[in-house]
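Comments concern the structure below.
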2 protein chains.
Amino acid sequence: MRFTHEQFRELAAKHGLAVTHQRQVVYEAVIASHGHHSPENIYAAVRRRIPSISLATVYNNLRLFIACGLLREVTPHASTLRVEGNLKPHHHLVCSRCKSVQDIEGDFIDFNRLSRQLPGGFDLAQPLIEVFGLCRRCRAKN
Amino acid sequence: MRFTHEQFRELAAKHGLAVTHQRQVVYEAVIASHGHHSPENIYAAVRRRIPSISLATVYNNLRLFIACGLLREVTPHASTLRVEGNLKPHHHLVCSRCKSVQDIEGDFIDFNRLSRQLPGGFDLAQPLIEVFGLCRRCRAKN
DNA sequence: GGTCGTTTTATACTGATTCTCATTCGATAA
DNA sequence: TTATCGAATGAGAATCAGTATAAAACGACC
């Protein structure tokens with residue numbers, strides 16, 4: 001799904017963001033490349049369309065998009081920020097060793113039980129679950 | 001529970017680690033202070049007993065303890081490493097905003113369903129689950 | 001006491017991210 | 001259109017966590 005300028009304009013308006021060329025290209029770069037991406041990755045992709053863009057601009061806009069919910073921050077177990085554009089409910093499978101992240105779907109959480117265990121005031125409005133284990137590759141390495 | 005030299009000696013022997021004074025003090029500092037700690041925190045605590053200790057030594061030993069399972073690495077959503085000494089099965093509640101981590105107990109995961117969803121080869125031997133949401137404080141800030 | 005492998009220390013270095021500030025852009029009013 | 005003003009951008013310096021390196025200290029063993 002290719003984003004038209006119109007679609008981005010609408011999204012931006014909904015979240016009170018000014019529309020700039022850089023902003024749009026950064027956003028499209030994340031959406032176009034499915035998966036979990038580092039700011040550097042996105043910077044590289046965006047530079048193909050705007051060679052003069054600054055890394056700081058990419059960071060600024062990623063933070064902005066995360067803050068207003070246009071993008072999700074993925075666990076930076078890799079010690080560097082990762083973002084994803086997939087806002088549909090899903091969970092993450094994270095390798096404790098190599099820190100790789102895979103999406104996982106499915107209904108394996110008992111939210112009733114979970115909410116009974118929650119400390120007062122904790123808000124699970126958009127729950128994101130991360131399950132840690134060893135990915136196939138790291139397991140093979142023993 | 002205060003760790004005696006004897007207890008640490010046994011643990012170290014079990015994991016094939018040499019016993020050094022620094023190593024013992026680092027380990028005790030983590031165990032003594034329950035919760036989730038950054039290397040800097042631990043460094044500060046250890047320096048009260050060994051003023052000349054180097055930060056690198058703290059890092060070295062924390063990595064070592066994590067590698068042999070004496071400590072657990074906590075999600076560095078805070079973008080900096082955290083460790084905990086609590087090895088009993090439990091899960092984490094992480095605030096997406098301020099990155100604080102609380103422990104949570106309870107049996108809200110359906111591991112049968114989960115393992116049906118797992119991609120081949122993913123090893124869930126010591127599953128750790130992290131549930132993201134908004135803590136009371138951040139929620140109050142709206 | 002001498003030797004060897006391990007650990008510690010001090011410090012330099014790297015890489016990710018943020019900060020600063022001058023410049024440019026974009027929306028709006030004239 | 002043109003002028004204006006606040007917001008966004010670009011360039012590069014600064015910061016900060018963590019790692020690498022190399023020399024010194026330690027400790028077990030002969």
Side-chain angles (χ1 to χ4, degrees), chain A residues 5 8-13 15-30 36-68 70-71 73-83 97-99 101, chain B residues 5 8-9 12-13 15-30 36-47 49-68 70-71 73-83 99:
Chain A
H5 285 241
F8 182 73
R9 262 168 208 282
E10 274 172 40
L11 259 176
H15 293 276
L17 296 183
V19 176
T20 70
H21 183 51
Q22 287 85 341
R23 202 161 275 178
Q24 167 146 16
V25 173
V26 169
Y27 183 72
E28 286 183 6
V30 179
H36 312 100
H37 300 281
S38 69
E40 284 290 341
N41 289 162
I42 295 161
Y43 179 51
V46 171
R47 280 224 282 189
R48 288 199 286 273
R49 290 179 59 190
I50 313 178
S52 68
I53 198 169
S54 151
L55 180 58
T57 300
V58 173
Y59 270 98
N60 286 343
N61 285 313
L62 291 179
R63 289 255 164 256
L64 199 61
F65 294 150
I66 291 168
C68 62
L70 254 82
L71 296 180
E73 183 174 350
V74 177
T75 188
H77 243 271
S79 88
T80 134
L81 176 64
R82 293 297 153 94
V83 297
R97 179 87 57 92
C98 71
K99 319 303 183 192
V101 179
Chain B
H5 284 242
F8 182 73
R9 263 167 207 281
H15 293 275
L17 298 182
V19 176
T20 70
H21 184 51
Q22 287 86 340
R23 199 160 278 174
Q24 166 146 16
V25 173
V26 169
Y27 182 72
E28 286 184 4
V30 179
H36 312 98
H37 300 280
S38 69
E40 285 290 343
N41 289 161
I42 295 161
Y43 179 51
V46 171
R47 280 222 284 188
R49 289 179 57 191
I50 313 179
S52 69
I53 199 168
S54 152
L55 180 58
T57 300
V58 173
Y59 271 98
N60 287 343
N61 285 313
L62 291 179
R63 289 253 165 260
L64 199 62
F65 294 149
I66 291 168
C68 63
L70 252 81
L71 297 181
E73 183 175 347
V74 177
T75 188
H77 241 271
S79 88
T80 134
L81 176 64
R82 295 296 152 95
V83 298
K99 319 303 184 191

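Below, all heavy atoms of this structure are taken into account, side chains as well, without hydrogens, waters or symmetry copies. Residue numbering restarts at 1 for every chain, and letters A, B, ... go by the order of the sequence lines.
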- Message: I want to check something: taking the side chain as every heavy atom from C-beta on, are B:His36 and B:Val83 in contact at a cut-off of under 4.5 Å?
- Response: no
- Message: How many whole angstroms separate atom CD1 of A:Ile50 from atom C1' of C:dC25?
- Response: 13 Å
- Item | Distance in angstrom units between A:Arg9 CZ and C:dG26 C1', rounded | 11 Å
- Looking across every strand, which nucleic acid part, if any, lies under 4.0 Å from B:Ala18 by heavy atom: base, sugar-phosphate, or nothing? sugar-phosphate
- Does C:dA10 have OP1 or OP2 sitting under 4.0 Å from an N or O in the side chain of B:Ser54? no
- Query: Which whole-number value in Å describes the distance from B:Asn41 CG to D:dG18 C1'?
  - Reply: 15 Å
- Message: Taking 4.0 Å as the cut-off, does a side-chain nitrogen or oxygen of A:Gln22 come that near to OP1 or OP2 on D:dG10?
- Response: yes
- Has the side chain of A:Arg9 got a donor or acceptor atom that lies under 3.5 Å from a matching backbone atom of A:Val19? no
- Message: Please tell me if A:Tyr59 has a side-chain N or O lying less than 4.0 Å from either OP1 or OP2 of C:dT18.
- Response: no
- Item | Integer-rounded Å distance: D:dT9 P and A:Leu17 CG | 10 Å
- Message: Tell me the interatomic distance from A:Ile53, atom CD1, to C:dT24, atom C1', rounded to whole angstroms.
- Response: 14 Å
- Do A:Val46 and A:Gln22 pass the side-chain contact (heavy atoms from CB on, under 4.5 Å) test, and can you show the C-alpha distance, the side-chain angles, and the key distance before you say yes or no? CA-CA 8 Å; A:Val46 171; A:Gln22 287 85 341; over 6 Å; no
- Task: Name the residue closer to the 5' end of DNA chain C, choosing between B:Asn61 and A:Thr20 according to the nucleotide with the nearest heavy atom.
- Result: B:Asn61
- Message: For the backbone of A:Thr57 and the side chain of A:Asn61, can you confirm whether one donor and one acceptor N or O come within less than 3.5 Å of each other?
- Response: yes
- Interatomic distance, A:Tyr43 OH vs D:dG12 P [rounded to whole Å]: 10 Å
- Task: Would you indicate what A:Ser38 reaches in the nucleic acid, counting non-hydrogen atoms under 4.0 angstrom: base, sugar-phosphate, or nothing?
- Result: nothing
- Message: What is the distance, to the nearest angstrom, from the CD atom on B:Gln24 to the P atom on D:dG27?
- Response: 13 Å
- Message: By the 4.0 Å heavy-atom rule, please label B:Leu55 as base, sugar-phosphate, or nothing.
- Response: nothing
- Specify the separation, in whole Å, of atom CG of B:Asn60 and atom C1' of D:dT19. 9 Å
- Message: Please determine whether a side-chain nitrogen or oxygen atom of A:Arg23 lies at a distance below 4.0 Å from atom OP1 or OP2 of D:dA7.
- Response: no
- Item | Phosphate OP1/OP2 of D:dG18: any B:Arg63 side-chain N/O under 4.0 Å | no
- Quick one: does B:His15's side chain have a donor or acceptor within less than 3.5 Å of a partner on B:Cys68's backbone? yes
